[in-house]
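Report on one structure; see the data block that follows.
No hydrogens, no waters, no symmetry mates; every other heavy atom, side chains included, goes into these values.
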Amino acid sequence: MKRNTYEGRFDRIDADGCGGGSCGWSRHYRVLLDLLDGTSEIIPEGIEGVISDIYDNSGTYYSSMSTIKGSMTTGSGLTGIQYSASNASLAHVVDANNLTQNTISCFALDADPAAGACAGNAGITKGTGTLAFFLPGSTFKSETTAADKYLDGDVWFANLAGLNFTSVSLAPEQ
């Protein structure tokens, strides 16, 4: 079995010509793949992944988070969950307690997608408290200026312990 990890953060804090809004956003991906390499084909045996997104649209913040977990070779299927929030407060949209679960779907082997989690696979859920996955670090930056709203990507990567995670969680690093 081959294990592959991928993690990335992408930020655009300010942009001109956005109709009065800052158009700022912060996006974060974390993916773990276990690849079965016992045949001439490499098959994804297991996957865990989270994609989160925050953006500012003229003073209203929007956040979304999509998670997926499972296997298409063991029969557990893939459970996908999607959450979102919107509010005038940045702290509100990154608080897991304020995220609304929009959908949960099961993608089972050789079956059409179905509503609800796959049997025995609850997926990666939002947890409680502040989602460090959205804004890595123990505290939020000030909302005084656009540049203070997000942690700089270079600073975040410099402090990252390395891409050696063995499961995907919503913590800032593992």
Side-chain angles (χ1 to χ4, degrees), residues 5-32 47-70 78-107 113-118 121-163 165 167-174:
T5 58
Y6 170 77
E7 184 154 11
R9 274 190 72 244
F10 312 91
D11 293 312
R12 184 183 74 196
I13 305 307
D14 277 319
D16 294 328
C18 294
S22 74
C23 297
W25 49 258
S26 179
R27 193 165 289 139
H28 190 162
Y29 300 79
R30 182 179 287 162
V31 178
L32 169 72
I47 184 170
E48 297 181 29
V50 178
I51 297 174
S52 71
D53 192 22
I54 302 173
Y55 67 94
D56 175 6
N57 184 9
S58 299
T60 299
Y61 294 97
Y62 296 87
S63 67
S64 65
M65 182 176 69
S66 300
T67 69
I68 193 160
K69 182 178 181 179
L78 302 175
T79 294
I81 307 173
Q82 201 276 331
Y83 304 92
S84 66
S86 64
N87 195 277
S89 165
L90 176 62
H92 179 91
V93 300
V94 296
D95 183 338
N97 298 316
N98 298 321
L99 289 176
T100 299
Q101 180 181 300
N102 298 319
T103 58
I104 182 167
S105 301
C106 175
F107 304 91
C118 298
N121 178 5
I124 300 172
T125 57
K126 66 178 182 172
T128 59
T130 300
L131 286 172
F133 195 75
F134 282 114
L135 293 173
S138 60
T139 61
F140 292 113
K141 295 288 188 176
S142 165
E143 294 188 45
T144 306
T145 65
D148 289 337
K149 290 179 183 174
Y150 306 102
L151 180 66
D152 181 80
D154 291 340
V155 174
W156 180 75
F157 277 109
N159 293 321
L160 189 64
L163 298 179
F165 51 89
S167 67
V168 169
S169 77
L170 303 178
E173 59 188 65
Q174 297 191 38

Exercise. Identify the two heavy atoms, one from S63 and one from V93, that lie closest to each other, and give their separation to 0.1 Å.
Key: OG-O, 2.7 Å
Quiz prompt | For N98, all residues meeting side-chain contact (heavy atoms from CB on, under 4.5 Å), sequence neighbours excluded | solution = H92, D95
Quiz prompt | N/O donor-acceptor pair under 3.5 Å between K126 side chain and L99 backbone | solution = yes
Practice problem: Can you measure from CD1 (I51) to OG (S66) and round to the nearest 0.5 angstrom? | Solution: 6.5 Å
Self-check item: Any I81 side-chain heavy atom under 4.5 Å of Q101 side chain
Solution: yes
Quiz item: Could you state the interatomic distance from CZ (F107) to CG (N121), rounded to the nearest 0.5 Å?
Solution: 11.5 Å
Quiz item: Do I104 and T79 come within less than 4.5 Å of each other through their side chains, counting heavy atoms only?
Solution: yes
Practice problem: List the atom of C106, the atom of A117, and the distance in Å for their closest heavy-atom pair. | Solution: CB-C, 4.0 Å
Exercise. State which residues pass side-chain contact (heavy atoms from CB on, under 4.5 Å) with Y62; sequence neighbours excluded, sorted by chain then number.
Key: Y55, N57, T60, S86
Exercise. Look up atom CZ in R30 and atom OG1 in T67, then write down how far apart they are to the nearest 0.5 Å.
Key: 13.0 Å
Self-check item: Spacing of CD1 belonging to I68 relative to OG belonging to S105, to within rounding of 0.5 Å
Solution: 9.5 Å
Practice problem: Evaluate the side-chain contact (heavy atoms from CB on, under 4.5 Å) criterion for residues N87 and Y61: first the C-alpha distance (whole Å), next the side-chain angles of each, then the deciding distance (0.1 Å), finally the verdict. | Solution: CA-CA 5 Å; N87 195 277; Y61 294 97; 5.9 Å; no
Quiz item: Quick one: side-chain contact (heavy atoms from CB on, under 4.5 Å) partners of T103, sequence neighbours excluded?
Solution: Q82
